[in-house]
Amino acid sequence: STTPARPGEAVWSVAGGDRLVYDAVSSVASASSNDGSRVTLYDERKPTPMVARSLRWDLLRDRVEVTEPSPIASPR
């Protein structure tokens, strides 16, 4: 599912069956994936999305922490 945002804000997009938890007290959103799927953070301010097995987003500080990176494959 995708969490709607206002223009210029980042958007979480989480693959099906995964988990997104928002703590309103700390304004921190945590997203994690299961079974090798990925969590993707789309940010209109960045050219490419951030992909990981789990991410932690502090909305007050606008800081994203990759807590479990996803393997990256690139062409040769």
Side-chain angles (χ1 to χ4, degrees):
S1 66
T2 302
T3 304
R6 293 177 291 234
E9 291 184 343
V11 177
W12 283 102
S13 178
V14 182
D18 295 337
R19 181 178 164 132
L20 175 64
V21 177
Y22 176 68
D23 181 340
V25 174
S26 66
S27 293
V28 171
S30 298
S32 60
S33 61
N34 299 317
D35 302 325
S37 59
R38 298 175 296 186
V39 175
T40 304
L41 176 68
Y42 294 97
D43 185 342
E44 292 179 354
R45 301 168 293 185
K46 306 224 186 270
T48 58
M50 189 178 300
V51 180
R53 290 192 178 137
S54 65
L55 296 168
R56 184 177 180 275
W57 183 16
D58 184 332
L59 284 87
L60 289 178
R61 293 175 183 85
D62 195 23
R63 179 181 170 166
V64 176
E65 177 184 349
V66 176
T67 52
E68 207 176 325
S70 181
I72 298 172
S74 62
R76 292 180 176 208

* Closest approach of Ala31 and Val39, non-hydrogen atoms and distance? -> CB-CG1, 3.4 Å
* Structure fact -> Leu60 and Ser27 have their tightest heavy-atom pair at CG-CB, 3.5 Å
Applying side chain to side chain contact (heavy atoms under 4.5 Å, CB included), name anything that partners [X], two or more places apart in sequence or on another chain.
X     : result
Val66 : Met50, Ala52, Leu55, Pro69
Ser54 : Ser32, Thr67, Glu68
Ser26 : Asp23, Val28

* **Test item: Ser30 side-chain N/O and Arg56 main-chain N/O as donor-acceptor pair under 3.5 Å** => no
* State which residues pass salt bridge (Lys or Arg N to Asp or Glu O under 4.0 Å) with Arg63; sequence neighbours excluded, sorted by chain then number. => none
